[in-house]
There are 2 protein chains.
Amino acid sequence: MGVYIQVLEDLQSQQQQVIPSEKLAEKCEVNSSQIRKDLAYFGEFGVRGVGYYVTDLLQAIKHFLGIDRNWNCILVGVGNLGRALLRHRQLPQKGFQIRMAFDCDPFKIGEHVAGHEVVCTRRLKEKAQLMQIDIGLITTPPERAQRAANHMMQAGIKGIINFAPTRIHVSSDVTVDYVDFSNHLISMAFRLSHP
Amino acid sequence: MGVYIQVLEDLQSQQQQVIPSEKLAEKCEVNSSQIRKDLAYFGEFGVRGVGYYVTDLLQAIKHFLGIDRNWNCILVGVGNLGRALLRHRQLPQKGFQIRMAFDCDPFKIGEHVAGHEVVCTRRLKEKAQLMQIDIGLITTPPERAQRAANHMMQAGIKGIINFAPTRIHVSSDVTVDYVDFSNHLISMAFRLSHP
DNA sequence: TCTTTCTTGTGAAATTTTTCTCAAGTTCAT
DNA sequence: ATGAACTTGAGAAAAATTTCACAAGAAAGA
């Protein structure tokens, strides 16, 4: 689904107004029926004999996905990955604002990264409750991930993205998503060794 | 599949010798039949009435996935994400060694990041061919991703992982994998807005 | 040895996802 | 107008994935 946005924004910046599912499929490297099914899922946006109006479609997809608004995020764990995310320009561009950064290392507390002061993780609840935070990003080492998740839950955060390579346990009203690049390398290793 | 490794390594470090699919399923948050199907796919590793021997299983999985060896990688694009990957300790630990780092920015060339000298991207072919490089990581801005891919193909690299948010075109003997965190944030936004 | 309790591996069933196909709507040249 | 060329939306078919259900093997106590 994210691919559609990527490709459509590209088309938009190239001033292309309309695109048929066949061409869009080519660019996204998927089957065109797939695209038509997906797009038909949230309304009739195509025009028969013509195709899809890029701008309208993009807006509709974004609305459907819930990214036609801003989302407040916080990050726990200011290591290499944490810093990369804090500095990543693409996230705010897509409506995901990292509002605060936390770490429990006294050497990091007080430091500034990409305009964010690093705050002690213990103060997460106190700080995060002042603002309505939607999403928490965990970029700690694996042994600290669960504690970070606990702090987030105490602050009422309902969506957690865990970049640490470990499972975490959360109450049933919290959604967790796991991200681990090593998986991509592993999958590549597998594909290269089974030609 | 990567989850299995994560959980099994955890069990191994806890000295647990045997685990039944039911318990493993719990920890991986998947169905136990699923696990048994997956594990049976590359041989009969379980023992009926007992379960799976953690160490043997782990070794078998790693062999099957092709990660019981080292893989030589290079990276193009020494930005925030590139630096995070270069410094990431987990990758070499799992057998993925980033051997060289390239960038086309004259200010970055010559700089050292986590023990890697940053080299001009134009010298990629010349440099990479000295060593047998298996996997190329693209962490450039999107507009430079295709060029990076071209350099990699010229150096005979058959596996590319593209972290840049754009599609790239490669010859049919090259495998590409796309990685984009914004997708995880988008998917989270979707789940939070459809409770 | 026999019985009870576990737990795997796997065929069958159920479910989900992907692809095929085509009627119906749109555009454009004539 | 009319016909030819396109393209969507959606039902049907096909393929892939996930789950169920249970025979058969293993362990342990009586």
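These numbers come from the heavy atoms of this one structure, side chains and all, not from hydrogens, waters or symmetry mates. Chain letters run A, B, ... following the sequence lines, proteins first, then strands; residues in each count from 1.
- The side chain of A:Asn31 places an N or O atom within less than 4.0 Å of a non-bridging phosphate oxygen (OP1 or OP2) of C:dC20.
- Remark: B:Phe190 pairs with A:Phe64, B:His194 by the ring pair (Phe, Tyr, Trp, His ring centres under 6.0 Å) rule, at least two apart or across chains.
- In this structure, the side chains of A:Tyr52 and A:Val47 stay at 4.5 Å or more apart for every pair of heavy atoms.
- A donor-acceptor pair shorter than 3.5 Å cannot be found between the side chains of B:Asp10 and B:Gln6.
- DNA chain C is contacted by both B:Leu39 and A:Asp38; B:Leu39 maps to the nucleotide lying nearer its 5′ end (nearest heavy atom per residue).
- In this structure, B:Ser21 does not reach the C:dT7 phosphate: none of its side-chain N or O atoms is under 4.0 Å from OP1 or OP2.
- A salt bridge is absent between A:Asp134 and A:Lys158: the closest approach of a Lys/Arg side-chain nitrogen to an acidic carboxylate oxygen does not fall below 4.0 angstrom.
- For the pair A:Ser33 and B:Ile19, nearest-nucleotide mapping onto DNA chain C gives the more 5' position to B:Ile19.
- Protein chain A contacts DNA chain D over a range whose 5' and 3' limits, counting nucleotides with an atom under 4.0 angstrom from a non-hydrogen atom, are D:dC6 to D:dA12.
- Protein atom CZ of A:Arg36 is 13 Å distant from nucleotide atom P of C:dC22, rounded to whole Å.
- In summary, B:Arg123 and B:Glu126 engage in a salt bridge, as defined by a charged side-chain N under 4.0 Å from a carboxylate O.
- Here C:dT17 presents its C1' atom at 15 Å from CD1 of A:Ile35, a figure rounded to the nearest Å.
- Nucleic acid contact for B:Phe45: sugar-phosphate only, since backbone atoms but no base atoms lie under 4.0 Å from a heavy atom of the residue.
- Judged by distance alone, with hydrogens and angles left aside, B:Arg48 brings a side-chain donor or acceptor within reach of the base of C:dT8, the pair sitting under 3.5 Å.
- Of the candidate nucleotides C:dA12, C:dT8, C:dT27, C:dT8 has the atom nearest to the side chain of B:Pro20.
- Distances from the side chain of B:Lys37 to the nucleotides C:dA12, C:dC20, C:dT27 place C:dA12 closest.
- As a whole-Å value, the separation of B:Gln34 CD from C:dT7 P is 20 Å.
- Under the 4.0 Å criterion applied to side-chain N and carboxylate O atoms, B:Glu111 and B:Arg83 are assigned as salt-bridge partners.
- Rounded to an integer number of Å, the gap from B:Glu22 CD to C:dT7 C1' is 9 Å.
- Between A:Lys62 and A:Glu9 a salt bridge is recorded (basic side-chain N to carboxylate O distance below 4.0 Å).
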